[in-house]
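Side-chain atoms are counted along with the backbone in the values below, which use heavy atoms only and exclude waters and symmetry mates. Every chain is numbered from 1 and lettered A, B, ... according to where its sequence line falls, protein lines coming before strand lines.
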Amino acid sequence: MIKAIKGTRDILPPESAVWNRVEETAREVLSVYGFSEIRTPVFESTELFARGVGADTDIVAKEMYTFDDRDSRSLTLRPEGTASVVRAYLEHQLHRDPQIWKVYYLGPMFRRERPQKGRFRQFHQLGAEVLGSDHPAIEAEVIELLQLFLDRIGVGETELLVNSIGCGHCRPGFLRKLQVALSEIEDRLCQDCRRRCRSNPLRVLDCKREACQPVIERLPSILEFLDEPCRLHFDRFLGYLERRDIGFRIVPRLVRGLDYYTRTTFEITSRGLGAQNALVGGGRYDGLAEVLGGQPTQGFGFALGLERVILLSRQGDRPASAGQPQLFVAPLGEPALDRASLMAREFRRQGIHCFMDFAPRSLKSALRLANKLQAGHVLIVGENELKTGQFPLKRMRDGRQILVSETEVVSRLENGF
RNA sequence: GUGAGUGUAGCUCAGUCGGUAGAGCACUGGAUUGUGGCUCCAGCGGUCGUGGGUUCGAUCCCCAUCACUCACCCCA
């Protein structure tokens with residue numbers, strides 16, 4: 001038997017209805033905040049991600065689905081969305097527009113990780129990007145939007161973590177200090193941290209091991225090294241959050257795994273997700289456009305894991321309201337089925353949610369099926385009815401039944417039986 | 001890539017201290033010649049993940065392998 005690839009899965013009804021509701025809510029909220037949808041290709045030149053995400057990141061180093069096209073170009077299934085959005089912005093010369101560009105995307109991403117709770121190889125992200133503004137207020141506005149969205153779909157109990165990781169001017173100084181500090185206490189850290197000391201020192205700050213915590217707490221904090229503009233930016237950002245009554249926790253150890261982030265970074269986490277507790281991750285990436293060979297362009301955005309959000313969403317509890325047929329057409333015998341299917345066509349053209357089954361069934365089993373589907377009414381089409389032109393229309397709620405002609409069916413359904 | 005746990009009916013699971021398996025739900029039919037839900041009765045459905053070993057005999061014990069799950073790692 002052929003099965004779905006590891007780390008991928010089918011979203012079947014009625015779960016697909018939950019996805020639709022969540023996506024619909026996202027579109028509404030984003031639209032209200034002035035974001036338009038962008039749809040970029042699911043595969044891109046490998047180079048885009050190698051440069052945009054950072055060659056040293058785990059994503060690029062060992063998680064991408066990369067393959068050679070027939071003309072030997074190296075292509076990659078997108079592992080994230082921001083690089084593509086910035087690529088599109090540059091490619092279409094959108095910096096010529098005077099206004100800031102606000103777009104969102106919604107779709108599958110691909111990373112070859114070991115699957116676990118809340119983590120898949122094909123997973124879905126909702127992301128939004130604001131290009132062309134470095135104002136801290138836009139950052140608070142984006143977080144405000146996320147709050148509204150999470151609230152609307154019934155995700156409670158989240159925590160907002162914020163930090164600033166400085167910029168190209170002030171971060172190198174911090175990194176040097178950090179490395180010096182790390183070299184002094186390296187022997188008191190766990191195996192993983194020792195490795196990180198060399199590969200990605202910032203990540204040591206993010207270690208979750210109990211034993212490392214006292215050591216990590218003594219390490220220098222990036223916030224002490226911010227230069228004046230970065231300091232000011234961060235303070236203003238926090239001020240905008242406070243004025244919106246958005247609670248947050250400053251986590252100087254919050255660093256992002258992607259290289260292009262500058263200044264503001266944030267994460268929204270939740271208990272109840274297991275180990276993969278990040279619902280949303282985002283931040284500012286003023287350096288990305290240049291890395292991709294374009295004009296310097298300020299950018300700020302987030303990505304949200306839809307699987308994770310849906311895992312927490314109360315939407316799943318709601319019974320599927322859509323999908324119940326107003327009318328179930330029950331044909332008895334093959335000649336009746338032919339006529340019944342034409343009748344169904346007419347009902348549907350008039351907007352009636354009409355279900356027809358083509359299996360040869362007894363009336364009893366047809367009604368059983370209608371009941372299971374929670375059909376509102378059943379129209380019985382048998383030999384006798386075709387002769388007389390009068391069809392029993394049965395209301396399932398109370399079992400009441402009337403005789404109607406074919407042309408009366410729709411008006412009967414619409415005018416309360 | 002590493003570790004742990006779990007693989008028995010479509011689903012959720014029981015069970016056999018080694019003698020080729022059962023429940024509930026679901027499905028089909030009947031009780032009601034063309035009338036659902038409740039109830040009752042009957043039926044359908046399993047190479048006990050796969051391969052090998054031990055044994056007279058393995059779903060059960062051993063080994064390997066695959067799949068799934070969770071965790072590490074990393075991240076959404």
Between C1' of U33(B) and CG of Leu332(A), the distance in whole Å: 13 Å
Candidate nucleotides A71(B), U32(B), C75(B), ranked by approach to the side chain of Lys117(A) - the nearest: A71(B)
Length of the line joining Ile153(A):CD1 and A76(B):P, which is rounded to integer Å: 18 Å
Euclidean distance, atom OH of residue Tyr105(A) to atom P of A76(B) [Å, nearest integer]: 9 Å
Inter-nucleotide C1' distance (U6(B), C13(B)), Å rounded: 13 Å
Nearest-Å distance once atom P is located in both G19(B) and U65(B): 28 Å
No-H, no-angle donor-acceptor pair, Arg119(A) side chain to C70(B) base, under 3.5 Å: no
Touch class at under 4.0 angstrom, heavy-atom based, for Ser365(A) against every strand present: sugar-phosphate
Proximal nucleotide (of A71(B), G36(B), A76(B)) relative to the Arg308(A) side chain: A76(B)
d(CZ, Phe120(A); P, A67(B)) in whole Å: 17 Å
Touch class at under 4.0 angstrom, heavy-atom based, for Arg397(A) against every strand present: base
Spacing between Arg361(A) atom CZ and U35(B) atom P, to the nearest angstrom: 16 Å
Arg348(A) CZ: over 12 foreign heavy atoms closer than 6.0 Å: yes
Cationic N near anionic O, under 4.0 Å, Glu91(A) to Arg87(A): yes
From U35(B), A76(B), G36(B), nucleotide with atom closest to Met396(A) side chain: G36(B)
G1(B) base / Glu63(A) side chain donor-acceptor hit below 3.5 Å: no
Watson-Crick or G-U wobble mate for A67(B), both contacts under 3.5 Å: U6(B)
Salt bridge Lys102(A)-Glu141(A), side-chain N to carboxylate O under 4.0 Å: yes
Euclidean distance for C1', G36(B) against A31(B) (whole angstrom): 16 Å
Heavy-atom check, side chain of Glu15(A) versus side chain of Arg9(A), under 4.5 Å: yes
Contact check, side chains of Leu219(A) and Ile185(A), non-hydrogen atoms, under 4.5 Å: yes
N/O (side chain, Gln276(A)) to phosphate O (OP1/OP2, C75(B)) under 4.0 Å: no
Sugar-phosphate, base or nothing in reach of Gly127(A), heavy atoms under 4.0 Å: nothing
Gap between atoms CD and C1', on Gln374(A) and G36(B) respectively (whole Å): 13 Å
Pairwise C1' distance for G18(B) and C75(B), with rounding to whole Å: 48 Å
For U16(B), the Watson-Crick or wobble partner whose two distances fall under 3.5 Å: none
5' precedence on RNA chain B between Gln401(A) and Pro360(A) (nearest-nucleotide basis): Pro360(A)
Span that lies between the C1' atom of G49(B) and that of A67(B), in whole angstrom: 7 Å
Which nucleotide in G34(B), A76(B), C72(B) has an atom nearest any side-chain atom of Gln116(A): C72(B)
Watson-Crick or G-U wobble partner of U55(B), both distances under 3.5 Å: none
Arg114(A) or Leu306(A), whichever maps to the more 5' nucleotide of RNA chain B: Arg114(A)
Gap between atoms NZ and P, on Lys372(A) and A26(B) respectively (whole Å): 9 Å
Touch class at under 4.0 angstrom, heavy-atom based, for Ala303(A) against every strand present: sugar-phosphate
Geometric class of the His124(A)/Trp19(A) ring pair [parallel <30°, tilted 30-60°, perpendicular >60°]: perpendicular
Sugar-phosphate, base or nothing in reach of Gly282(A), heavy atoms under 4.0 Å: nothing
Note: Glu406(A)-Arg339(A) ion pair, threshold 4.0 Å (strictly below): yes
Validation row: Arg284(A), Ile138(A) side chains within 4.5 angstrom (heavy atoms): yes
Sugar-phosphate only, base, or nothing, as touched by Phe328(A) at under 4.0 Å among non-hydrogen atoms: nothing
Separation of the P atoms in C11(B) and G43(B), to the nearest angstrom: 23 Å
C1' spacing across the pair G5(B) / G10(B), given as an integer number of angstrom: 25 Å
Nearest-Å distance once atom C1' is located in both C62(B) and C68(B): 23 Å
Atom-pair distance (CG on Asn384(A); P on U35(B)), nearest Å: 13 Å
Watson-Crick or G-U counterpart of G1(B), or none if no pair lies under 3.5 Å: C72(B)
Assigned partner base of A31(B), Watson-Crick or wobble definition, under 3.5 Å: U39(B)
Of the listed nucleotides G34(B), C70(B), G36(B), the one nearest the side chain of Lys394(A): G36(B)
